[in-house]
Amino acid sequence: MSEQLLGEALKGHRDDVVIATKFGMDAEGASGRDFGVRGSRRYITRAVEESLRRLGTDRIDLHQFHTPGPATPIEETLAALDSLVQQGKVPPPPRRSGLGCCRTTRLPAGC
């Protein structure tokens, strides 16, 4: 709901703002059935497509993952986020993808 309201408010002003949104919480099926695997490539791809549709834009400037869960290897999640940057759905730095509430012990070396 908030993404739809934001999308309506930003019509004609997209390049004047930075859009930030999150994914990975139980959105009661707003991004399709997730089976509790909200860090998977499939779920992330579907979630970003739905956010883009609701926001009425072609890119998200700051795309954040709420809380990685144990069901998906963090490497798969990070690869999916990188893929969004490669596709231009999340622009490269200074715009970003990010993880919230993630223990550094779960991150692979080099992150």
Side-chain angles (χ1 to χ4, degrees):
M1 179 72 161
S2 61
E3 287 181 337
Q4 290 171 319
L5 293 173
L6 184 61
E8 287 294 319
L10 294 178
K11 282 186 179 171
H13 303 283
R14 174 60 186 96
D15 292 333
D16 300 328
V17 299
V18 173
I19 294 179
T21 193
K22 287 186 171 184
F23 71 97
M25 292 290 286
D26 182 2
E28 300 177 359
S31 295
R33 295 183 63 185
D34 61 42
F35 306 101
V37 187
R38 297 182 196 111
S40 71
R41 177 180 293 276
R42 179 176 180 216
Y43 179 81
I44 292 170
T45 300
R46 188 174 43 216
V48 78
E49 291 296 337
E50 288 299 314
S51 287
L52 291 169
R53 182 186 59 76
R54 288 187 295 263
L55 290 162
T57 188
D58 62 344
R59 67 192 183 285
I60 296 169
D61 301 307
L62 176 59
H63 191 237
Q64 303 167 86
F65 185 19
H66 275 284
T67 306
T72 305
I74 194 71
E75 294 83 1
E76 178 180 344
T77 300
L78 294 173
L81 294 173
D82 185 57
S83 177
L84 296 176
V85 173
Q86 300 304 318
Q87 295 172 47
K89 294 176 181 178
V90 177
R95 308 298 191 231
R96 308 249 185 235
S97 288
L99 299 172
C101 304
C102 182
R103 295 177 185 262
T104 56
T105 55
R106 290 220 41 220
L107 296 175
C111 281

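What you see below is based on every heavy atom in this structure, not just the backbone, and it leaves out hydrogens, waters and symmetry mates.
- For the pair Leu52 and Asp58, the tightest heavy-atom approach, listed with the atom from each and the gap, is CD2-C, 3.6 Å.
- A donor-acceptor pair under 3.5 Å links the side-chain atoms of Ser51 to the main chain of Ala47, judged by distance alone.
- In this structure, Ile19 CD1 and Leu10 CG are separated by 5.0 Å, a value rounded to the nearest 0.5 Å.
- Residues passing the side-chain hydrogen bond (donor to acceptor under 3.5 Å, both in side chains) test with Gln4, sequence neighbours excluded: none.
- You'll find the side chain of His63 reaches within 4.5 Å of the side chain of Val48, heavy atoms only.
- Partners of Arg14 under the salt bridge (charged side-chain N to carboxylate O under 4.0 Å, His left out) rule, at least two apart in sequence or in another chain, are Asp61.
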Practice problem: Check the pair Leu55 / Leu6 against side-chain contact (heavy atoms from CB on, under 4.5 Å), numbers first and verdict last. | Solution: CA-CA 6 Å; Leu55 290 162; Leu6 184 61; 3.7 Å; yes
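- Residues satisfying the salt bridge (charged side-chain N to carboxylate O under 4.0 Å, His left out) test with Glu76, not counting sequence neighbours, are none.
- Atom CZ of Phe65 sits about 7.0 Å away from atom CD1 of Ile74, to the nearest 0.5 Å.
- The heavy-atom pair separating Ile44 from Ala80 by the smallest distance is CD1-CB, 3.8 Å.
- Once rounded to the nearest 0.5 Å, the distance linking CD of Glu75 with CG of Asp82 reads 13.5 Å.
- Qualifying salt bridge (charged side-chain N to carboxylate O under 4.0 Å, His left out) partners for Asp16, counting only residues two or more places apart in sequence or in other chains: none.
- Shortest non-hydrogen contact noted between Thr77 and Gly39 is OG1-O, 2.7 Å.
- Atom OG of residue Ser40 and atom CZ of residue Arg46 lie 7.0 Å apart, to the nearest 0.5 angstrom.
- Contacts of Asp15 classified as side-chain hydrogen bond (donor to acceptor under 3.5 Å, both in side chains), with partners at least two apart in sequence or in another chain: Arg59.
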Practice problem: Please lay out, stage by stage, how Ile60 and Lys89 fare under the test side-chain contact (heavy atoms from CB on, under 4.5 Å). | Solution: CA-CA 6 Å; Ile60 296 169; Lys89 294 176 181 178; over 6 Å; no
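- The side chain to side chain contact (heavy atoms under 4.5 Å, CB included) check on Thr45 picks up Arg41, with sequence neighbours excluded.
- With sequence neighbours left out, Ala20 forms a side chain to side chain contact (heavy atoms under 4.5 Å, CB included) with Leu62, Gln64.
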Practice problem: Step by step, work out the salt bridge (charged side-chain N to carboxylate O under 4.0 Å, His left out) result for Arg53 and Glu50. | Solution: CA-CA 5 Å; Arg53 182 186 59 76; Glu50 288 299 314; 2.8 Å; yes
